[in-house]
S.K.: 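Submitted below is the structure of interest, expressed as structure tokens.
All values derive from a computational prediction rather than experimental measurement.
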Amino acid sequence: MFGAFLTAGLLAAAPAQSQDAAAKLPHVVILATGGTIAGSGADSTTTVGYTSATIGVERLIAAVPELQKVASVKGEQVFQIASESMTNAHWLKLAKRVNVLLAQSDVDGIVITHGTDTIEETAYFLDLTVKSRKPVVVVGAMRPATAISADGPINLYNAVLLAGSQEAVGKGVLVALNDQINAAREVSKTNTSTTDTFKSTELGMLGYIQGNKPYFYRQSTRKHTADSEFDVSQLDALPKVDIIYGYADMNRVALDAFVAAGAKGIIQAGVGDGSIAAQMKGPLVEARKKGVLIVRSSRVGQGIVARNGEANDDELDTVVSDTLNAQKARILLMLALTKTASSKDIQRMFYTY
Ligand code: DGL
């Protein structure tokens with residue numbers, strides 16, 4: 001039995017809806033991909049060392065009958081993985097399915113259940129590739145479905161409520177856990193295991209979900225979803241972009257290996273303001289001369305990586321990531337490289353999205 005998640009379902013069967021009330025509910029599709037929200041542990045006190053991605057979408061929906069009070073819900077199991085195993089191929093499959101569904105007049109919003117390890121990356125990839133203003137809400141859980149006080153049921157309920165709301169229309173792809181609403185561009189996982197882990201540390205969350213209602217106080221100033229210039233509908237693969245991590249005494253081995261393996265772009269998660277170590281300048285120039293597009297990001301996590309600040313980007317023909325961390329800069333660069341090889345045009349994109 002799956003403890004708290006399913007008990008919630010058994011004990012709190014939703015009251016019957018009148019046909020009229022049910023007919024007015026928004027139509028929300030839940031696309032399940034795996035993760036802890038679908039995870040199970042040996043017993044109700046297991047909150048680490050459980051198995052991710054074991055419960056199917058129909059059981060997730062059945063375990064929260066309250067969903068029927070806020071939306072007409074359908075579920076699809078797009079794939080079933082722990083999200084540390086997410087790949088570009090998964091992202092392309094998911095984005096294409098989302099766009100097909102959102103183009104249907106009988107779909108008002110989408111919820112994606114997902115592992116929390118890469119939720120911020122999937123959410124940002126969708127923020128740049130979903131071609132609709134309809135709500136897309138990515139949700140996960142930090143405790144498995146079998147745990148005491150599992151956070152999955154309330155997170156799923158809130159995500160469905162948000163995805164069916166008018167307030168979420170046009171806000172871009174949202175990440176909703178722990179009663180909080182964050183924008184895909186700024187949110188990150190900030191703690192390995194606590195339920196309040198998702199934060200937009202300095203630029204801030206967008207709002208809350210409280211008492212069955214979403215409350216927005218801010219929205220992103222950057223382009224997203226229907227205003228995005230990126231289209232993955234005809235793509236079967238994305239350009240190879242890899243990340244090198246900055247640290248004292250770093251060396252060129254990883255960079256050279258990625259370039260030799262065919263990387264079209266490199267993100268440096270540099271120390272400080274995206275600084276380039278003296279011993280790395282030559283290798284990066286060599287990579288650039290081979291046509292590899294170089295983006296200076298930072299391992300710090302917050303703040304703007306300033307163009308021509310810690311390195312002469314004009315001279316090196318490198319691009320700065322603005323405030324995007326390395327894993328999100330990688331996503332934007334992959335999509336940018338499907339449109340252009342121009343460093344000037346790609347820099348524009350990093351100041352646009
Ligand atoms: N294996 C991790 C993942 O699927 C579990 C973390 C979680 O989903 O909360 O992302």
Side-chain angles (χ1 to χ4, degrees), residues 83-92 117-118 120-122 124-125 128 185 188-189 230 235 237-353:
S83 77
E84 62 269 30
S85 305
M86 194 63 66
T87 64
N88 290 353
H90 289 116
W91 281 344
L92 288 169
D117 287 359
T118 57
E120 65 200 73
E121 295 178 60
T122 299
Y124 188 51
F125 180 77
L128 296 173
R185 184 182 186 278
S188 280
K189 189 172 186 179
F230 305 114
L235 295 180
L238 293 168
K240 178 177 169 57
V241 174
D242 289 297
I243 301 172
I244 57 173
Y245 197 80
Y247 51 89
D249 195 36
M250 81 181 284
N251 58 66
R252 64 180 296 169
V253 173
L255 171 64
D256 291 348
F258 283 138
V259 172
K264 303 301 182 195
I266 291 290
I267 310 293
Q268 181 190 254
V271 297
D273 190 10
S275 306
I276 294 177
Q279 68 268 25
M280 290 301 296
K281 184 175 177 182
L284 285 167
V285 168
E286 286 175 34
R288 185 70 192 111
K289 285 179 177 171
K290 291 175 181 173
V292 178
L293 201 291
I294 310 290
V295 175
R296 292 197 300 119
S297 181
S298 173
R299 73 180 195 180
V300 165
Q302 303 300 319
I304 298 171
V305 177
R307 186 167 177 84
N308 295 324
E310 282 290 340
N312 188 331
D313 297 293
D314 291 346
E315 174 196 295
L316 296 172
D317 194 25
T318 45
V319 169
V320 289
S321 69
D322 188 45
T323 61
L324 287 181
N325 62 28
Q327 57 268 32
K328 291 185 183 179
R330 171 179 175 265
I331 292 165
L332 180 50
L333 181 55
M334 283 195 295
L335 291 168
L337 290 170
T338 67
K339 303 281 290 184
T340 178
S342 158
S343 57
K344 183 178 179 192
D345 201 14
I346 292 173
Q347 183 66 80
R348 171 193 59 81
M349 293 173 179
F350 273 86
Y351 288 143
T352 301
Y353 296 99

S.K.: Holding to side-chain contact (heavy atoms from CB on, under 4.5 Å), I want the full list of residues that pass it with Glu121, two or more places apart in sequence or in another chain.
M.R.: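 side-chain contact (heavy atoms from CB on, under 4.5 Å) check on Glu121 returns Trp91, Thr118, Gln327, Ile331.
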S.K.: Ignoring hydrogens and geometry, is there a side-chain-to-backbone donor-acceptor pair from Thr340 to Ile346 under 3.5 Å?
M.R.: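 Absent.
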S.K.: When rounded to the nearest 0.5 angstrom, what distance separates CG in Asp317 from OG in Ser343?
M.R.: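 One gets 3.5 Å once the value is rounded to the nearest 0.5 Å.
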S.K.: Could you check whether Arg185 and Thr323, counting side-chain N and O atoms only, form a donor-acceptor pair closer than 3.5 Å?
M.R.: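 Arg185 and Thr323 do have a side-chain donor-acceptor pair below 3.5 Å.
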S.K.: Report yes or no: does Asn308 contribute a side-chain atom to a donor-acceptor pair with the main-chain N or O of Asp313 at less than 3.5 Å?
M.R.: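 Checked: pair present.
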S.K.: Can you tell me if Lys264 has over 12 outside heavy atoms packed within less than 6.0 Å of its NZ?
M.R.: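 Open.
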S.K.: Taking Ser298 for the side chain and Gly272 for the main chain, is one N or O donor matched with an acceptor at less than 3.5 Å?
M.R.: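 Yes, the answer is positive, given that a donor and an acceptor are paired below the 3.5 Å cut-off.
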S.K.: Any donor and acceptor pair, going by atom type alone, linking the side chain of Arg307 with main-chain N or O of Thr318 inside 3.5 Å?
M.R.: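 At least one qualifying donor-acceptor pair exists.
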S.K.: Partners of Glu286 by side-chain contact (heavy atoms from CB on, under 4.5 Å), sequence neighbours excluded?
M.R.: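 Arg252.
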S.K.: Rounded to the nearest 0.5 Å, what separates atom CG in Asp273 from atom CD1 in Ile304?
M.R.: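 With rounding to 0.5 Å, CG (Asp273) is 9.0 Å from CD1 (Ile304).
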S.K.: Which heavy atom of Ala287 sits nearest a heavy atom of Val259, and at what distance?
M.R.: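 That closest heavy-atom pairing would be CB-CG2, 4.0 Å.
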S.K.: Can a donor-acceptor pair be found, under 3.5 Å and without considering hydrogens, that links the side chain of Gln347 to the backbone of Val320?
M.R.: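 Yes, the answer is positive, given that a donor and an acceptor are paired below the 3.5 Å cut-off.
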